[in-house]
Q: 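Below you will find the structure I want to go over with you.
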Amino acid sequence: MNDKKLIIAGLVIFIAIALFPFLYNMGKASPAPDPVLTPEAKAAKQCVRSRQYMRADHMHLLDQWRHNVVRDANHIYVSPNGKQYEMSLTRTCLECHSNKAEFCDRCHDYASVRPYCWDCHLDNPKENK
Amino acid sequence: MNVKYMYSLLAVVALLLIAWIGVAIGLKVVFGVIFPYLAVIIFIAGFAYRVMGWARSAVPFAIPTTCGQQKSLPWIKPNAVDNPFSKSGVVARMALEILLFRSLFRNTRMKLHQGPKLAYNLEIFLWVGALAFHWAFFTVIVRHLRLFLNPVPMPIQLLENVDSFFRLEILYDSFKMALPGVYMSGLVLLLAVTYLLLRRLFIPTVRYISQAADYFPLFLIFGIALTGILMRYFFKVDIVSTKELTMGLVTFHPTVPDGVSTIFFIHLFFVCTLLAYFPFSKLMHLGGIFLSPTRNLPADTRARRHVNPWNYPVPVHTYEEYEDEFRDKMIEAGLPVERMPEETPEEQTDTDEKE
(Lines give C-alpha, C1' and ligand atoms only; values in the text may rest on other atoms or scores of the structure.)
Protein backbone atom coordinates (compact mmCIF):
# COMPACT_ATOMS: atom_id res chain seq x y z
CA MET A 1 0.00 0.00 0.00
CA ASN A 2 1.35 3.41 -0.88
CA ASP A 3 -0.42 5.47 1.76
CA LYS A 4 2.85 6.48 3.32
CA LYS A 5 4.09 7.99 0.06
CA LEU A 6 0.82 9.87 -0.32
CA ILE A 7 1.00 11.19 3.22
CA ILE A 8 4.61 12.32 2.77
CA ALA A 9 3.69 14.03 -0.51
CA GLY A 10 0.87 15.87 1.25
CA LEU A 11 3.15 16.81 4.10
CA VAL A 12 5.78 18.18 1.71
CA ILE A 13 3.15 20.27 -0.06
CA PHE A 14 1.92 21.61 3.26
CA ILE A 15 5.41 22.54 4.39
CA ALA A 16 6.13 24.21 1.04
CA ILE A 17 2.95 26.28 1.46
CA ALA A 18 3.79 27.11 5.06
CA LEU A 19 7.28 28.23 4.09
CA PHE A 20 6.10 29.98 0.93
CA PRO A 21 7.14 33.47 2.10
CA PHE A 22 10.70 32.24 2.65
CA LEU A 23 10.83 30.64 -0.80
CA TYR A 24 9.17 33.58 -2.56
CA ASN A 25 11.65 36.11 -1.20
CA MET A 26 14.65 33.83 -1.60
CA GLY A 27 17.70 35.83 -2.51
CA LYS A 28 15.76 39.05 -2.78
CA ALA A 29 16.75 41.85 -0.49
CA SER A 30 13.78 44.04 0.25
CA PRO A 31 14.83 47.20 1.95
CA ALA A 32 12.18 49.38 3.46
CA PRO A 33 11.05 52.16 1.13
CA ASP A 34 12.71 55.49 1.44
CA PRO A 35 10.22 58.27 0.81
CA VAL A 36 11.89 61.25 -0.78
CA LEU A 37 11.35 64.64 0.81
CA THR A 38 11.09 67.56 -1.57
CA PRO A 39 13.22 70.66 -0.85
CA GLU A 40 10.07 72.45 0.38
CA ALA A 41 9.37 69.65 2.83
CA LYS A 42 12.94 69.62 4.03
CA ALA A 43 12.89 73.39 4.50
CA ALA A 44 9.70 73.19 6.55
CA LYS A 45 11.45 70.73 8.93
CA GLN A 46 8.23 69.90 10.80
CA CYS A 47 5.10 68.42 9.24
CA VAL A 48 1.61 69.17 10.57
CA ARG A 49 2.31 66.72 13.39
CA SER A 50 5.38 64.88 14.57
CA ARG A 51 7.12 62.45 12.24
CA GLN A 52 6.16 59.39 14.29
CA TYR A 53 2.51 60.50 14.42
CA MET A 54 2.42 61.13 10.70
CA ARG A 55 3.94 57.76 9.88
CA ALA A 56 1.33 55.83 11.82
CA ASP A 57 -1.69 58.12 11.92
CA HIS A 58 -1.76 60.33 8.83
CA MET A 59 -4.78 58.48 7.48
CA HIS A 60 -6.76 59.36 10.60
CA LEU A 61 -5.73 62.98 10.33
CA LEU A 62 -6.75 63.16 6.68
CA ASP A 63 -10.07 61.51 7.39
CA GLN A 64 -10.74 63.91 10.23
CA TRP A 65 -9.86 66.80 7.96
CA ARG A 66 -12.18 65.65 5.24
CA HIS A 67 -14.97 65.20 7.77
CA ASN A 68 -14.41 68.67 9.23
CA VAL A 69 -14.31 70.38 5.84
CA VAL A 70 -17.15 68.51 4.19
CA ARG A 71 -19.55 68.18 7.16
CA ASP A 72 -18.68 71.16 9.35
CA ALA A 73 -17.19 73.61 6.82
CA ASN A 74 -14.30 74.00 9.17
CA HIS A 75 -11.14 74.63 7.17
CA ILE A 76 -8.58 75.53 9.81
CA TYR A 77 -6.55 72.92 11.67
CA VAL A 78 -4.63 73.94 14.76
CA SER A 79 -1.76 71.63 15.48
CA PRO A 80 -0.74 70.86 19.08
CA ASN A 81 2.09 73.38 18.86
CA GLY A 82 -0.36 76.14 17.96
CA LYS A 83 0.37 76.45 14.28
CA GLN A 84 -2.56 76.83 11.90
CA TYR A 85 -2.99 74.88 8.68
CA GLU A 86 -5.63 74.74 6.01
CA MET A 87 -7.27 71.33 6.05
CA SER A 88 -6.59 70.37 2.48
CA LEU A 89 -4.82 67.43 0.98
CA THR A 90 -4.06 69.22 -2.26
CA ARG A 91 -3.15 72.61 -0.85
CA THR A 92 -1.43 71.63 2.39
CA CYS A 93 -0.03 68.13 2.18
CA LEU A 94 0.72 68.01 -1.51
CA GLU A 95 2.05 71.57 -1.41
CA CYS A 96 5.20 70.29 0.25
CA HIS A 97 5.01 66.63 -0.70
CA SER A 98 4.47 67.34 -4.37
CA ASN A 99 6.18 64.13 -5.37
CA LYS A 100 3.38 61.57 -4.94
CA ALA A 101 5.25 58.82 -6.76
CA GLU A 102 8.34 59.09 -4.60
CA PHE A 103 6.65 60.03 -1.35
CA CYS A 104 3.15 58.61 -0.97
CA ASP A 105 3.30 55.68 -3.35
CA ARG A 106 6.54 54.20 -2.16
CA CYS A 107 5.25 53.22 1.27
CA HIS A 108 1.71 52.54 0.06
CA ASP A 109 3.00 50.10 -2.53
CA TYR A 110 5.35 48.50 -0.03
CA ALA A 111 2.57 47.93 2.49
CA SER A 112 0.06 47.04 -0.23
CA VAL A 113 -2.23 49.89 0.72
CA ARG A 114 -4.46 51.41 -1.91
CA PRO A 115 -5.96 54.56 -0.39
CA TYR A 116 -8.91 56.07 -2.15
CA CYS A 117 -7.59 59.63 -1.79
CA TRP A 118 -6.56 59.45 -5.40
CA ASP A 119 -10.05 58.58 -6.58
CA CYS A 120 -10.74 62.32 -6.36
CA HIS A 121 -7.37 64.01 -5.89
CA LEU A 122 -6.20 62.61 -9.15
CA ASP A 123 -5.04 65.56 -11.18
CA ASN A 124 -2.40 66.74 -8.83
CA PRO A 125 -1.21 69.85 -10.60
CA LYS A 126 2.06 69.92 -8.75
CA GLU A 127 3.25 66.68 -10.26
CA ASN A 128 4.35 66.57 -13.84
CA LYS A 129 4.09 63.06 -15.13
CA MET B 1 -17.12 23.54 39.66
CA ASN B 2 -15.28 23.90 36.45
CA VAL B 3 -12.55 26.50 36.60
CA LYS B 4 -10.44 25.12 33.80
CA TYR B 5 -10.98 28.20 31.69
CA MET B 6 -9.32 30.29 34.39
CA TYR B 7 -6.01 28.47 33.89
CA SER B 8 -6.16 29.13 30.17
CA LEU B 9 -7.13 32.74 30.62
CA LEU B 10 -4.34 33.26 33.13
CA ALA B 11 -1.89 31.60 30.74
CA VAL B 12 -2.81 34.02 27.97
CA VAL B 13 -2.64 37.00 30.32
CA ALA B 14 0.77 35.78 31.44
CA LEU B 15 1.90 35.58 27.81
CA LEU B 16 0.73 39.15 27.30
CA LEU B 17 2.65 40.33 30.35
CA ILE B 18 5.75 38.40 29.32
CA ALA B 19 5.79 40.09 25.92
CA TRP B 20 4.98 43.49 27.39
CA ILE B 21 7.64 43.35 30.07
CA GLY B 22 10.14 41.70 27.75
CA VAL B 23 9.87 44.51 25.25
CA ALA B 24 9.90 47.13 27.99
CA ILE B 25 13.23 45.86 29.29
CA GLY B 26 14.65 45.94 25.80
CA LEU B 27 14.40 42.33 24.62
CA LYS B 28 13.03 43.38 21.25
CA VAL B 29 15.41 41.13 19.35
CA VAL B 30 14.27 38.14 21.40
CA PHE B 31 10.59 38.79 20.78
CA GLY B 32 10.94 40.12 17.25
CA VAL B 33 13.52 37.72 15.81
CA ILE B 34 14.46 34.76 17.96
CA PHE B 35 10.98 33.67 19.09
CA PRO B 36 9.46 33.89 15.59
CA TYR B 37 12.21 31.73 14.09
CA LEU B 38 11.98 29.26 16.97
CA ALA B 39 8.20 29.12 16.62
CA VAL B 40 8.35 28.41 12.89
CA ILE B 41 10.95 25.68 13.40
CA ILE B 42 8.88 24.06 16.17
CA PHE B 43 5.74 24.34 14.07
CA ILE B 44 7.21 22.72 10.96
CA ALA B 45 9.21 20.04 12.78
CA GLY B 46 6.38 19.25 15.18
CA PHE B 47 3.81 19.12 12.41
CA ALA B 48 5.95 16.74 10.36
CA TYR B 49 6.61 14.62 13.46
CA ARG B 50 2.93 14.28 14.27
CA VAL B 51 1.88 13.49 10.71
CA MET B 52 4.68 10.94 10.30
CA GLY B 53 3.55 9.34 13.56
CA TRP B 54 0.09 8.90 12.06
CA ALA B 55 1.58 7.68 8.80
CA ARG B 56 3.34 4.92 10.70
CA SER B 57 0.16 3.83 12.45
CA ALA B 58 -1.60 0.75 11.23
CA VAL B 59 -5.15 0.89 9.95
CA PRO B 60 -6.13 -2.66 10.81
CA PHE B 61 -9.79 -2.36 9.90
CA ALA B 62 -11.86 -0.54 7.35
CA ILE B 63 -13.94 1.71 9.57
CA PRO B 64 -15.61 4.28 7.32
CA THR B 65 -18.68 5.85 8.86
CA THR B 66 -21.68 5.46 6.68
CA CYS B 67 -24.38 8.08 6.43
CA GLY B 68 -26.33 6.72 3.49
CA GLN B 69 -27.20 3.68 1.45
CA GLN B 70 -24.20 1.56 0.61
CA LYS B 71 -23.69 0.37 -2.96
CA SER B 72 -25.64 -2.85 -3.14
CA LEU B 73 -28.02 -4.45 -5.61
CA PRO B 74 -28.35 -2.59 -8.90
CA TRP B 75 -31.92 -1.46 -8.25
CA ILE B 76 -31.10 0.09 -4.84
CA LYS B 77 -29.92 3.63 -5.26
CA PRO B 78 -26.59 4.10 -3.45
CA ASN B 79 -25.49 7.37 -1.88
CA ALA B 80 -22.18 8.02 -3.61
CA VAL B 81 -20.99 10.80 -1.30
CA ASP B 82 -22.28 9.79 2.13
CA ASN B 83 -21.37 6.17 1.60
CA PRO B 84 -18.57 6.44 -0.95
CA PHE B 85 -17.79 3.29 -2.88
CA SER B 86 -15.15 4.72 -5.19
CA LYS B 87 -12.12 6.98 -4.84
CA SER B 88 -13.96 9.91 -6.40
CA GLY B 89 -16.71 9.48 -3.83
CA VAL B 90 -14.14 9.57 -1.06
CA VAL B 91 -12.57 12.71 -2.54
CA ALA B 92 -15.95 14.40 -2.74
CA ARG B 93 -16.76 13.40 0.83
CA MET B 94 -13.38 14.58 2.14
CA ALA B 95 -13.66 17.87 0.26
CA LEU B 96 -17.11 18.52 1.71
CA GLU B 97 -15.84 17.58 5.15
CA ILE B 98 -12.72 19.76 5.00
CA LEU B 99 -14.19 22.77 3.24
CA LEU B 100 -17.74 22.77 4.63
CA PHE B 101 -17.58 20.63 7.83
CA ARG B 102 -20.39 18.42 6.64
CA SER B 103 -20.39 16.14 9.64
CA LEU B 104 -20.73 19.13 11.95
CA PHE B 105 -23.76 20.17 9.96
CA ARG B 106 -25.45 16.97 11.05
CA ASN B 107 -25.14 18.02 14.66
CA THR B 108 -28.41 17.42 16.47
CA ARG B 109 -29.66 18.18 19.94
CA MET B 110 -31.88 15.85 21.84
CA LYS B 111 -34.83 17.51 23.52
CA LEU B 112 -37.62 16.23 25.68
CA HIS B 113 -40.89 17.96 24.84
CA GLN B 114 -44.28 17.89 26.53
CA GLY B 115 -45.80 14.51 26.39
CA PRO B 116 -43.04 13.38 27.10
CA LYS B 117 -41.91 13.36 23.50
CA LEU B 118 -38.32 12.97 22.43
CA ALA B 119 -37.16 15.08 19.49
CA TYR B 120 -33.86 15.61 17.75
CA ASN B 121 -33.47 19.19 16.59
CA LEU B 122 -30.98 20.45 14.08
CA GLU B 123 -28.29 22.30 16.03
CA ILE B 124 -26.80 24.56 13.43
CA PHE B 125 -25.02 27.27 15.43
CA LEU B 126 -21.85 25.33 16.11
CA TRP B 127 -21.57 24.63 12.39
CA VAL B 128 -22.15 28.27 11.48
CA GLY B 129 -19.69 29.46 14.13
CA ALA B 130 -17.04 26.95 13.11
CA LEU B 131 -17.43 27.77 9.44
CA ALA B 132 -17.20 31.51 10.11
CA PHE B 133 -14.22 31.01 12.40
CA HIS B 134 -12.17 28.78 10.09
CA TRP B 135 -12.83 30.67 6.88
CA ALA B 136 -12.24 34.03 8.53
CA PHE B 137 -9.01 32.76 10.07
CA PHE B 138 -7.90 31.39 6.71
CA THR B 139 -8.62 34.73 5.03
CA VAL B 140 -6.76 36.60 7.76
CA ILE B 141 -3.71 34.36 7.37
CA VAL B 142 -3.64 34.69 3.58
CA ARG B 143 -4.14 38.43 3.87
CA HIS B 144 -1.15 38.67 6.20
CA LEU B 145 1.06 37.52 3.34
CA ARG B 146 1.15 41.16 2.29
CA LEU B 147 3.54 41.65 5.20
CA PHE B 148 5.72 38.72 4.15
CA LEU B 149 5.94 39.13 0.40
CA ASN B 150 7.47 41.95 -1.56
CA PRO B 151 6.21 42.86 -4.10
CA VAL B 152 2.73 41.83 -2.99
CA PRO B 153 1.25 39.45 -5.59
CA MET B 154 -1.95 40.38 -7.35
CA PRO B 155 -4.15 37.60 -5.86
CA ILE B 156 -3.40 38.85 -2.37
CA GLN B 157 -4.21 42.41 -3.31
CA LEU B 158 -7.43 41.11 -4.82
CA LEU B 159 -8.31 39.30 -1.60
CA GLU B 160 -7.61 42.49 0.38
CA ASN B 161 -9.89 44.47 -1.90
CA VAL B 162 -12.71 41.96 -1.60
CA ASP B 163 -12.25 41.65 2.16
CA SER B 164 -12.34 45.42 2.66
CA PHE B 165 -15.04 46.23 0.15
CA PHE B 166 -17.34 47.98 2.54
CA ARG B 167 -16.48 51.34 4.01
CA LEU B 168 -17.16 52.16 7.59
CA GLU B 169 -15.72 55.17 9.31
CA ILE B 170 -16.55 56.19 12.83
CA LEU B 171 -15.27 59.61 13.75
CA TYR B 172 -16.53 60.60 17.17
CA ASP B 173 -14.06 62.41 19.34
CA SER B 174 -14.24 59.63 21.91
CA PHE B 175 -14.37 56.70 19.52
CA LYS B 176 -12.61 56.67 16.22
CA MET B 177 -12.38 53.62 14.11
CA ALA B 178 -12.02 52.13 10.75
CA LEU B 179 -9.25 53.71 8.87
CA PRO B 180 -7.97 52.45 6.56
CA GLY B 181 -10.55 50.10 5.02
CA VAL B 182 -12.24 47.65 7.36
CA TYR B 183 -11.36 44.02 6.84
CA MET B 184 -14.46 41.94 7.44
CA SER B 185 -12.49 38.77 8.05
CA GLY B 186 -10.83 40.21 11.17
CA LEU B 187 -14.14 41.21 12.72
CA VAL B 188 -15.81 37.93 11.78
CA LEU B 189 -12.89 36.05 13.31
CA LEU B 190 -13.19 37.95 16.58
CA LEU B 191 -16.96 37.47 16.74
CA ALA B 192 -16.75 33.77 15.84
CA VAL B 193 -14.03 33.00 18.35
CA THR B 194 -16.03 34.88 20.99
CA TYR B 195 -19.07 32.78 20.17
CA LEU B 196 -17.10 29.54 20.32
CA LEU B 197 -15.68 30.60 23.68
CA LEU B 198 -18.99 31.70 25.18
CA ARG B 199 -20.55 28.46 23.98
CA ARG B 200 -18.03 26.52 26.04
CA LEU B 201 -18.50 28.81 29.01
CA PHE B 202 -22.28 29.01 29.17
CA ILE B 203 -23.76 25.80 27.79
CA PRO B 204 -23.56 23.48 30.82
CA THR B 205 -23.20 20.25 28.87
CA VAL B 206 -20.40 21.68 26.75
CA ARG B 207 -18.70 23.26 29.73
CA TYR B 208 -18.75 19.91 31.50
CA ILE B 209 -16.60 18.31 28.80
CA SER B 210 -14.33 21.33 28.20
CA GLN B 211 -10.74 21.14 29.35
CA ALA B 212 -8.07 23.77 29.76
CA ALA B 213 -6.68 22.62 26.42
CA ASP B 214 -9.99 23.56 24.82
CA TYR B 215 -10.09 27.04 26.30
CA PHE B 216 -6.44 27.94 25.77
CA PRO B 217 -6.45 28.11 21.95
CA LEU B 218 -9.70 30.05 22.04
CA PHE B 219 -8.33 32.64 24.46
CA LEU B 220 -5.09 32.79 22.51
CA ILE B 221 -6.79 33.30 19.15
CA PHE B 222 -9.09 35.82 20.78
CA GLY B 223 -5.96 37.67 21.93
CA ILE B 224 -4.42 37.49 18.48
CA ALA B 225 -7.54 38.81 16.76
CA LEU B 226 -8.05 41.52 19.38
CA THR B 227 -4.47 42.81 19.27
CA GLY B 228 -4.60 42.73 15.48
CA ILE B 229 -7.77 44.78 15.38
CA LEU B 230 -6.53 47.20 18.03
CA MET B 231 -3.32 47.66 16.09
CA ARG B 232 -5.07 48.32 12.82
CA TYR B 233 -7.89 50.62 13.89
CA PHE B 234 -7.10 52.04 17.30
CA PHE B 235 -3.49 52.19 18.50
CA LYS B 236 -2.11 52.74 15.04
CA VAL B 237 1.21 51.08 14.33
CA ASP B 238 3.74 52.22 11.82
CA ILE B 239 3.00 49.64 9.16
CA VAL B 240 6.13 50.32 7.12
CA SER B 241 8.45 49.63 10.06
CA THR B 242 6.38 46.59 10.90
CA LYS B 243 6.71 45.21 7.40
CA GLU B 244 10.42 45.96 7.54
CA LEU B 245 10.63 43.64 10.56
CA THR B 246 8.54 40.86 9.00
CA MET B 247 10.36 41.11 5.67
CA GLY B 248 13.64 40.94 7.54
CA LEU B 249 12.48 37.64 9.04
CA VAL B 250 11.52 36.00 5.75
CA THR B 251 14.60 37.22 3.87
CA PHE B 252 16.92 36.11 6.70
CA HIS B 253 18.14 39.65 7.27
CA PRO B 254 16.39 40.21 10.60
CA THR B 255 16.13 43.77 11.80
CA VAL B 256 14.14 45.43 14.53
CA PRO B 257 13.30 48.96 13.35
CA ASP B 258 12.61 51.69 15.88
CA GLY B 259 9.04 52.45 14.87
CA VAL B 260 7.62 49.04 15.87
CA SER B 261 5.29 49.38 18.82
CA THR B 262 4.79 47.16 21.87
CA ILE B 263 1.36 45.96 20.85
CA PHE B 264 2.87 44.49 17.71
CA PHE B 265 5.32 42.50 19.80
CA ILE B 266 2.44 41.22 21.94
CA HIS B 267 0.54 40.22 18.81
CA LEU B 268 3.65 38.53 17.42
CA PHE B 269 4.34 36.71 20.67
CA PHE B 270 0.77 35.37 20.73
CA VAL B 271 1.21 34.15 17.17
CA CYS B 272 4.56 32.54 18.02
CA THR B 273 2.93 30.79 20.97
CA LEU B 274 0.14 29.54 18.76
CA LEU B 275 2.62 28.22 16.18
CA ALA B 276 4.76 26.48 18.76
CA TYR B 277 1.72 25.09 20.60
CA PHE B 278 0.00 23.96 17.43
CA PRO B 279 1.66 20.58 16.74
CA PHE B 280 1.18 19.35 20.29
CA SER B 281 -2.47 20.24 20.69
CA LYS B 282 -5.90 19.53 19.36
CA LEU B 283 -5.20 22.11 16.69
CA MET B 284 -3.43 19.31 14.80
CA HIS B 285 -6.86 18.45 13.43
CA LEU B 286 -5.60 20.56 10.53
CA GLY B 287 -3.43 17.63 9.52
CA GLY B 288 -5.47 14.93 11.17
CA ILE B 289 -8.65 15.50 9.22
CA PHE B 290 -6.92 14.26 6.09
CA LEU B 291 -5.95 11.05 7.87
CA SER B 292 -9.27 10.13 9.50
CA PRO B 293 -9.95 6.50 8.62
CA THR B 294 -13.65 6.98 9.27
CA ARG B 295 -13.74 9.47 6.40
CA ASN B 296 -10.97 8.66 3.99
CA LEU B 297 -11.69 4.97 3.44
CA PRO B 298 -14.23 3.88 0.84
CA ALA B 299 -17.23 2.03 2.26
CA ASP B 300 -16.66 -1.05 0.12
CA THR B 301 -16.13 -3.56 2.89
CA ARG B 302 -18.60 -6.06 1.43
CA ALA B 303 -16.96 -5.95 -2.00
CA ARG B 304 -13.27 -5.74 -1.22
CA ARG B 305 -11.21 -7.23 1.56
CA HIS B 306 -9.32 -4.68 3.61
CA VAL B 307 -5.85 -5.92 4.39
CA ASN B 308 -3.93 -4.08 7.02
CA PRO B 309 -0.96 -2.90 4.96
CA TRP B 310 1.28 -3.09 7.97
CA ASN B 311 0.39 -6.67 8.76
CA TYR B 312 3.30 -8.63 10.13
CA PRO B 313 4.03 -11.45 7.68
CA VAL B 314 2.83 -14.51 9.57
CA PRO B 315 3.78 -17.94 8.13
CA VAL B 316 0.44 -19.71 7.77
CA HIS B 317 -0.36 -23.34 7.19
CA THR B 318 -3.82 -23.47 5.64
CA TYR B 319 -6.20 -26.37 6.06
CA GLU B 320 -5.75 -27.26 2.37
CA GLU B 321 -2.02 -27.59 2.86
CA TYR B 322 -2.59 -29.58 6.03
CA GLU B 323 -4.89 -31.96 4.24
CA ASP B 324 -2.45 -32.34 1.34
CA GLU B 325 0.17 -33.33 3.84
CA PHE B 326 -1.89 -35.83 5.81
CA ARG B 327 -4.57 -36.94 3.35
CA ASP B 328 -3.46 -40.55 3.16
CA LYS B 329 -3.18 -40.86 6.90
CA MET B 330 -6.56 -39.22 7.38
CA ILE B 331 -8.25 -41.64 4.97
CA GLU B 332 -6.55 -44.52 6.69
CA ALA B 333 -7.88 -43.35 10.03
CA GLY B 334 -11.33 -42.86 8.56
CA LEU B 335 -11.40 -39.10 8.91
CA PRO B 336 -13.45 -37.09 6.43
CA VAL B 337 -11.37 -35.23 3.82
CA GLU B 338 -12.46 -32.45 1.53
CA ARG B 339 -10.63 -33.75 -1.51
CA MET B 340 -10.30 -37.44 -2.28
CA PRO B 341 -7.00 -38.63 -3.76
CA GLU B 342 -6.40 -38.23 -7.50
CA GLU B 343 -7.80 -41.64 -8.67
CA THR B 344 -11.35 -40.39 -9.20
CA PRO B 345 -11.04 -36.88 -10.62
CA GLU B 346 -14.61 -36.69 -12.14
CA GLU B 347 -16.26 -37.79 -8.94
CA GLN B 348 -14.20 -35.31 -6.99
CA THR B 349 -15.24 -32.30 -9.10
CA ASP B 350 -18.85 -33.39 -8.78
CA THR B 351 -18.76 -33.37 -5.02
CA ASP B 352 -16.93 -30.06 -5.05
CA GLU B 353 -19.67 -28.46 -7.11
CA LYS B 354 -22.35 -29.81 -4.85
CA GLU B 355 -20.67 -28.38 -1.85
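Lettering follows sequence order; numbering is per chain, from 1. Since the model is a prediction, treat every value here as computed from it, not as a measurement. These numbers come from the heavy atoms of this one structure, side chains and all, not from hydrogens, waters or symmetry mates.
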Q: What part of B:Val237 is in contact with chain A, defined as an atom under 4.5 angstrom from a non-hydrogen atom: side chain, backbone, both or neither?
A: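 Just its backbone gets close to chain A.
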Q: What residue in A:Ala32, A:Pro115, A:Ser112 has the most heavy-atom pairs under 4.5 Å with chain B?
A: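 Option with the greatest count: A:Ser112.
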Q: If you count heavy-atom pairs under 4.5 Å with chain A, which of B:Asn150, B:Val152, B:Thr251, B:Leu145 comes out on top?
A: B:Asn150
Q: To the nearest 0.5 Å, how far apart are OH in B:Tyr49 and CG in A:Leu11?
A: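 Separation between the atoms: 14.0 Å.
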Q: Given heavy-atom pairs under 4.5 angstrom as the criterion, report whether the side chain, backbone, both or neither of B:Leu291 touches chain A.
A: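 Just its side chain gets close to chain A.
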Q: Rounded to the nearest 0.5 Å, how far does NE2 of A:His58 lie from NZ of B:Lys236?
A: 8.5 Å
Q: Give a yes or no on whether A:Tyr77 atom OH has more than 12 heavy-atom contacts from other residues, nucleotides or ligands under 6.0 Å away.
A: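 Buried by this count: over 12 neighbours within 6.0 Å.
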Q: Just by modelled atom types, is the A:Tyr110 backbone N or O under 3.5 Å from a matching donor or acceptor in the B:Lys243 side chain?
A: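 Indeed, once roles are kept as given, a pair shorter than 3.5 Å links the two residues.
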Q: Could you check whether atom CZ of B:Phe166 has more than 12 heavy atoms from other residues, nucleotides or ligands sitting under 6.0 Å from it?
A: yes
Q: Identify the two heavy atoms, one from B:Pro151 and one from A:Tyr24, that lie closest to each other, and give their separation to 0.1 Å.
A: O-OH, 2.9 Å
Q: Side chain, backbone, both or neither: which part of A:Leu19 has a non-hydrogen atom closer than 4.5 Å to chain B?
A: side chain
Q: So what's closer than 4.5 Å to chain A heavy atoms on B:Phe252: side chain, backbone, both or neither?
A: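 It is the side chain, since no backbone atom gets that close.
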Q: With a 4.5 angstrom heavy-atom cut-off, which part of B:Thr242 approaches chain A: side chain, backbone, both or neither?
A: neither
Q: Decide if atom CZ of B:Phe165 counts as having more than 12 heavy atoms of other residues, nucleotides or ligands within a radius under 6.0 Å.
A: no
Q: Between A:Tyr53 and chain B, which part of the residue has a heavy atom less than 4.5 Å away: side chain, backbone, both or neither?
A: neither
Q: Distance check, rounded to the nearest 0.5 Å: A:Gln52 atom CD versus B:Ser261 atom OG?
A: 9.0 Å
Q: Do you know the tightest heavy-atom contact between A:Arg114 and B:Gln157?
A: NH2-O, 3.3 Å
Q: Specify whether B:Phe47 and A:Phe14 have parallel, tilted or perpendicular ring planes, treating 30° as the upper limit for parallel and 60° as the lower limit for perpendicular.
A: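 Plane angle under 30°, so parallel.
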Q: Could you check which of B:Val40, B:Val250, B:Asp258, B:Ile141 has the highest count of heavy-atom pairs closer than 4.5 Å to chain A?
A: B:Val250
Q: Please find the pair of heavy atoms, one from A:Phe22 and one from B:Leu249, that lie closest to each other, and give the distance.
A: CE2-O, 3.6 Å
Q: Distance-only, no hydrogens or angles: does the A:Asn25 side chain make a donor-acceptor pair with backbone N or O of B:Phe148 under 3.5 Å?
A: yes
Q: Answer yes or no: are there more than 12 heavy-atom neighbours, outside B:Phe138 itself, under 6.0 Å from its atom CZ?
A: no
Q: Pick one of side chain, backbone, both or neither for B:Ile239, based on which atoms fall under 4.5 Å of a heavy atom in chain A.
A: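 Side chain only.
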Q: To the nearest 0.5 Å, what is the distance between CG on B:Asp238 and CE on A:Met54?
A: 12.0 Å
Q: Where does B:Leu147 contact chain A at under 4.5 Å (heavy atoms): side chain, backbone, both or neither?
A: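 For B:Leu147, neither part sits under 4.5 Å from chain A.
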Q: Can you tell me which portion of A:Arg66 sits under 4.5 Å from chain B's heavy atoms? Options are side chain, backbone, both or neither.
A: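 For A:Arg66, the side chain is the part near chain B, not the backbone.
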Q: Given a strict heavy-atom distance threshold of 4.5 Å, which part of A:Ala111 is in contact with chain B: side chain, backbone, both, or neither?
A: both
Q: Within a strict 4.5 Å, meaning less than it, do heavy atoms of the A:Val113 and B:Arg146 side chains meet?
A: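 Side chain of A:Val113 against side chain of B:Arg146, heavy atoms only: contact under 4.5 Å found.
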Q: What part of B:Phe235 gets closer than 4.5 Å to chain A, counting heavy atoms only: side chain, backbone, both or neither?
A: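 Looking at B:Phe235, nothing touches chain A.
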Q: Does atom CG of A:Asp72 have more than 12 heavy-atom neighbours, drawn from other residues, nucleotides or ligands, at distances under 6.0 Å?
A: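 Yes, because the 6.0 Å sphere around CG of A:Asp72 holds more than 12 heavy atoms from other groups.
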Q: Is there a donor-acceptor pair under 3.5 Å between the side chain of B:Arg56 and the backbone N or O of A:Lys4?
A: no
Q: Please say whether more than 12 non-hydrogen atoms of neighbouring residues, nucleotides or ligands are located less than 6.0 Å from NE2 in B:His144.
A: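 Counting neighbours around NE2 of B:His144, 12 or fewer heavy atoms of other residues, nucleotides or ligands fall under 6.0 Å, so no.
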Q: Hey, what do you get for CE (B:Met52) to CD1 (A:Ile7), rounding to the nearest 0.5 Å?
A: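 Here the interatomic distance stands at 7.5 Å.
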